[in-house]
Amino acid sequence: MIRAEAIEFTYPNGFRALQGLDFHIKAGEFVALIGENGAGKTTLLKLLGGLLKPTAGRLLVGGLDTARVRAVELARRVGFLFQNPDHQLFLPTVREELAFGPKNLGLKGQALEERVAEAAAAVGLTPYLEVNPRQLSKGQRQRVALASILAMEPEVLVLDEPTTGQDYREALEIMTIVQKLHRQGHTVLCVTHDMEMVARFADRALVLGAGELLLDGPLATVFAREDILAATGLLPPQAVQLARPYWEAGLLPGVLTVEELYEAIITALRGEKDARQVLPA
Amino acid sequence: MPARSFLHELNPLTKIAWSLAVITVAFVFQQPLPLLGLWASVLAVALAGKVLKEILPAIRGLLIFAAIFILFQIFLIQEGNTVFTLLPGSGFGRVTDVGLTACTMLALRMLAMTSTIPVLLATTPPKDMIVAFVEKLRVPYVYALMLVTSLRFIPTLQEELGLIIQAQRARACDLESRNIFRRLRAIVPLALPLLLMSVQRARTMAISMETRGFGAGPRTSLRTSTFQTLDLGVIAGCLFLTAALVIIALR
């Protein structure tokens, strides 16, 4: 679905944000893009959305060369959710806001109405269709922005820190929606600083540091390389850190989330899966 | 301000006095050559203050502006002898010697006058400018702050606009349409978020200033604005030179 061939990007001011990345993301993957601030995560996302063009190398999305296709064309395939929803919300009601993208793609009448209704339902905003987006909470506005992208029915969802500035419940809600979309077949690429969210939702992680791809692989492999993660200012999730010595000693299997750790401990203690019932919660 | 020089040491008002002196001299001379000299003197001051390289982009912009200015004016002056015509024999696009001199004079005058502004801005921290205005010229602090803050926010707004453009392009908003009406309509999805965010930013800023005691009472500055011997010397020099040049020009 997404293929990067030695892509580089240098900003007009001379800053080399990306220095030769190679990777391949298959259709239907859920990939987390992690790394410290300034590592090039947002730049990479913008290249995917065709908002910036690589200064060297090739970036293909669904067979389209992002350097050749106009951003408007690419918008059909790649849905880009920005960090701050306020950069895009400008219409008086949620309904009109959701209709803006598909309208730009040429949809009208019944088809347009259906798209809007579907997108609103997908993020749980159906009761808010006639409300002014500016009156909603930050988390709700982020969901409006996400729905406005969904209404364009892109195959790839590119999310730039979709959970910033939201409380745990709101963040979990939006990530659950993203997970649901992923299960429906969307390819997801998500930038986040929240390792717990990565562990809980992604299948694979790309680790960026100073414009280079430091790690690329399944979460368990990536989180095992604490040395490389530390180089770009990252720590594995607490559950992984906690379980690591026991895993190395062969006492516990590899775990990613608190739930998995709990399951593993119970099993290890009682040697049977149903032990949870006899132990106090 | 990384590059320290005598220009950086001067009181902002001294630099404004110099700027006014240059403007006065630029108006009394009517020939291109002295005006060229005047412009050269402004650039020489920038060089001495080690900011010439820094202000070159601004100077380049002013040069483009001057060129456009000449282009618009030069064909309108019909007096004097023909130097050349754009379409020979037709009389269309006639350029005369009088027109050429007048346009060069006007362009150089504009250049000399406006080139002092980037020099002033490059050598003066905005904060010093506020203090000088408030303490020496008795400008109310709020007005001085408004002026400097609005200048300060231009790059921030540009950055914000860049993000908004990208966000709307990602929603298939066609900003490069050939159709002029469509293009005008495409301003709305850009202008509205920018406006709304600016209002919000202004509110946040007002609150954050109030929480830090803005407007709580008489205001004092950490560094006060002072005139040193150098300032007095420069102002006296500017006055003397301006007077001398005015007398020479008008005689």
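Labels below follow one simple rule: chain letters A, B, ... track the order of the sequence lines, proteins then strands, and each chain is numbered from 1.
- Ranked by heavy-atom pairs shorter than 4.5 Å toward chain B, the options A:Q83, A:E97, A:E73, A:R70 are led by A:E97.
- Within the 4.5 angstrom heavy-atom criterion, only backbone atoms of A:L89 (N, CA, C, O) approach chain B.
- Side-chain polar atoms of A:Q166 and A:T163 form no donor-acceptor pair below 3.5 angstrom.
- Within the 6.0 Å centre-distance limit, the rings of A:F30 and A:H182 are counted as a close aromatic pair.
- A donor-acceptor contact shorter than 3.5 Å links the side chain of A:R141 to the backbone of A:L136.
- Annotation: maximal heavy-atom pairing with chain B below 4.5 Å, among A:G50, A:S148, A:G49, A:P154, occurs at A:S148.
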Less than 3.5 Å apart, which donor and acceptor atoms pair up between the side chains of residues 102-113 of chain A and the rest of the protein, not counting sequence neighbours?
from: A:N104; atom 1: ND2; to: A:F100; atom 2: O; distance (Å): 3.3
from: A:N104; atom 1: ND2; to: B:R171; atom 2: O; distance (Å): 3.1

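- With a 4.5 Å cut-off on non-hydrogen atoms, A:L52 touches chain B through its side chain but not through its backbone.
- Contact of A:R76 with chain B is not made at all, since no heavy-atom distance falls under 4.5 Å.
- A donor-acceptor contact shorter than 3.5 Å links the side chain of A:R115 to the backbone of A:A151.
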